Amino acid sequence: MGGSAMELYLVDGTYELFRAYYGAPRRQDPTGAREVGAVHGMLASLLPWLATLRGQAIAVATDHVIESFRNHLYPGYKSSAGVPRELLDQFSLAEDALRALGLAVWPMVEFEADDAMATAAARFRAAAERTLLVSPDKDFAQCVRGQRVIVFDRHRDRLTDEAAVVARFGVYPESVPDWLALVGDPADGIPGIPGFGPRSATAALQVFRHLEHVPLDATRWPRTLRNKEQLVQNLRIHWSEALLFKTLATLRVDAPLPQVRLEELRWLGVDHRRFQRFCAQWGFKKLAQRAQSLFPA
């Protein structure tokens, strides 16, 4: 590609680390004092994939800590409770590992990695030839715009464009936070509204699009919707919770990201000197050799 015409890959670093922790074998650093298996597994998984992306724009967003502003809004929101300590202890090391690859890394504290990715997708939508949100997280469906901003599950090699969002949820991307508020999202600790399931939420939002437009009067709901009187009653009772759950499910597009141009995110390959130093420190000798073979100087 010539000039600045390139694709932008926004990678969910927290997901990559979690996946590696639960899928890769345990591994100690050279001193035997620290568990580093998740970081090793993450790098081993990313390296061959990155070899296909040389010259594209890439940034990785991470949760430097799991808790965010959403935990202040709702105590039941997902937190670090129950996350293994040896995984939490690898968060910072994972960020160092990604930097050692020469990637742009955006660690989030008050916001979430998902917010950083949504912010970047909105910011660079016009500049990038195509933006791919690299994650299997269904929350990103709300960010999809036609075929210009899409979700990419790289482990399943699955692309989700706007047509795929509609096929899955029955609503357009902008209604996905409303849908999640009604149905719930157990992964994020959002319980949803009693009585609502995927079919009833979809039927309501296909007509009204957003929670704020849903009438609390059953006579104005679609005639074909079963149990609409009970659904309206439940929604009336739980109206404040519904609006709160929508806030929790809505990805922010004002996360604090560095002021960089798309061209500054262009990735030209592994910085071998830096990556070799990192691998030597943590006992990843074979990964350094693999990087050399995948990215010959």
Side-chain angles (χ1 to χ4, degrees), residues 8-19 42 57-81 83 88 91-92 94-95 98-99 103-128 130-145 148-154 160 162 165 169 172-181 184-190 210-211 243-262 264-265:
L8 171 61
Y9 290 79
L10 300 168
V11 182
D12 184 346
T14 301
Y15 169 76
E16 296 290 343
L17 184 65
F18 268 74
R19 186 180 189 277
M42 178 189 71
I58 309 174
V60 185
T62 63
D63 293 298
H64 191 67
V65 294
I66 292 181
E67 282 75 14
S68 70
F69 73 89
R70 291 179 177 87
N71 296 92
H72 302 301
L73 297 176
Y74 182 61
Y77 193 71
K78 67 179 179 182
S79 71
S80 57
V83 179
L88 292 172
F91 275 33
S92 293
E95 292 165 1
L98 294 163
R99 293 188 188 99
L103 296 168
V105 181
W106 298 329
M108 293 291 109
V109 177
E110 186 64 21
F111 288 74
E112 295 181 46
D114 293 6
D115 298 310
M117 294 168 65
T119 298
R123 180 182 298 180
F124 295 111
R125 185 168 63 204
R130 187 172 64 157
T131 297
L132 296 91
L133 295 148
V134 185
S135 175
D137 193 334
K138 61 181 172 295
D139 293 352
F140 289 117
Q142 66 191 271
C143 302
V144 171
R145 297 295 181 269
R148 189 73 179 265
V149 179
I150 63 177
V151 179
F152 176 44
D153 181 347
R154 74 177 187 90
T160 301
E162 190 165 296
V165 172
F169 295 95
Y172 286 96
E174 59 266 26
S175 297
V176 167
D178 308 82
W179 192 93
L180 292 172
D185 186 356
D188 286 342
I190 300 174
H210 295 295
L211 269 176
L243 295 179
L244 172 60
F245 297 158
K246 179 179 177 178
T247 297
L248 297 176
T250 300
L251 298 184
R252 295 275 292 270
V253 293
D254 59 344
L257 300 183
Q259 292 298 322
V260 295
R261 296 177 294 108
L262 182 64
E264 294 176 74
L265 299 176

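Because the structure is predicted, anything quoted here is derived from the model rather than measured.
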Worksheet item: How about Y172: does its OH atom have over 12 heavy atoms from other parts shown lying under 6.0 Å from it?
Response: no

Fill in: Nearest-0.5 Å distance, CG of residue L88 to CD1 of residue I66
5.0 Å

Worksheet item: For T14, does its backbone N or O pair with a side-chain atom of T62 as donor and acceptor, under 3.5 Å?
Response: no

Item to complete: Kindly give the heavy-atom pair with the smallest separation between V105 and R99, and that separation in Å.
Response: CG2-CG, 3.6 Å

Worksheet entry | R145 with E174: basic N within carboxylate O range, under 4.0 Å | no

Practice prompt. Calculate, to the nearest 0.5 Å, the distance between atoms OG1 and CG belonging to T160 and D153 respectively.
Written response: 8.0 Å

Item to complete: Test F169 against K138 for side-chain contact (heavy atoms from CB on, under 4.5 Å), laying out the working first.
Response: CA-CA 10 Å; F169 295 95; K138 61 181 172 295; 4.1 Å; yes

Worksheet item: Is any side-chain heavy atom of R125 less than 4.5 Å from a side-chain heavy atom of L8?
Response: no

Worksheet entry | Gap separating the NE2 atom of H64 from the CZ atom of F91, nearest 0.5 angstrom | 10.0 Å

Worksheet item: Going from NZ on K246 to CG on D178, what distance comes out if it is rounded to the nearest 0.5 angstrom?
Response: 3.5 Å

Worksheet entry | Pair S80, E67: side-chain N/O donor-acceptor within cut-off below 3.5 Å | yes

Fill in: R123 vs Q259 side-chain heavy atoms within contact, under 4.5 Å
yes

Worksheet item: Heavy-atom distance under 4.5 Å between the side chains of L132 and V151, does that happen here?
Response: no

Discussion item. Show, in sequence, the C-alpha distance, side-chain angles and deciding distance for Y77 and D188, and conclude whether the side-chain contact (heavy atoms from CB on, under 4.5 Å) test is met.
Written reply: CA-CA 6 Å; Y77 193 71; D188 286 342; 3.8 Å; yes

Worksheet item: Between S79 and N71, what is the shortest heavy-atom contact and its length?
Response: CB-ND2, 3.9 Å

Worksheet entry | side-chain contact (heavy atoms from CB on, under 4.5 Å) between I58 and L265, intermediate numbers included | CA-CA 6 Å; I58 309 174; L265 299 176; over 6 Å; no

Item to complete: Tell me whether the guanidinium CZ or amine NZ of R252 lies under 6.0 angstrom from the six-membered ring centre of F69 and within 45° of its axis.
Response: yes

Fill in: Taking every non-hydrogen atom, the tightest pair across A61 and A116
CB-CB, 3.9 Å

Item to complete: Check whether any side-chain heavy atom of D185 lies under 4.5 Å from a side-chain heavy atom of F245, and answer yes or no.
Response: no

Worksheet, complete the sentence: The reported gap from CH2 in W106 to CD in E95 (rounded to nearest 0.5 angstrom) is 13.5 Å

Discussion item. So that I can tick it off, tell me whether D115 and R70 are bridged by a salt bridge, with the cut-off set at under 4.0 angstrom between side-chain N and carboxylate O.
Written reply: yes

Response to the item:
Separation between CE (M108) and OG (S68), nearest 0.5 Å, reads 11.5 Å

Worksheet item: So do D114 and D12 actually touch side chain to side chain, heavy atoms under 4.5 Å?
Response: yes

Practice prompt. Identify the two heavy atoms, one from R148 and one from A128, that lie closest to each other, and give their separation to 0.1 Å.
Written response: NH2-O, 2.9 Å

Fill in: Residue pair A249 / P177: nearest heavy atoms and the distance that separates them
CB-O, 3.9 Å

Worksheet entry | Least distance between heavy atoms, L10 atom then A121 atom | CD1-N, 3.6 Å

Practice prompt. Side-chain contact test, heavy atoms from C-beta onward, threshold under 4.5 Å: evaluate it for F152 versus L133 and give yes or no.
Written response: no

Worksheet item: Does a side-chain N-to-carboxylate-O contact under 4.0 Å join R19 and E16?
Response: no

Discussion item. In the structure I gave you, are the side-chain heavy atoms of F140 and L251 within less than 4.5 Å of one another anywhere?
Written reply: yes

Worksheet entry | K78 side chain near L248 side chain, heavy-atom distance below 4.5 Å | no

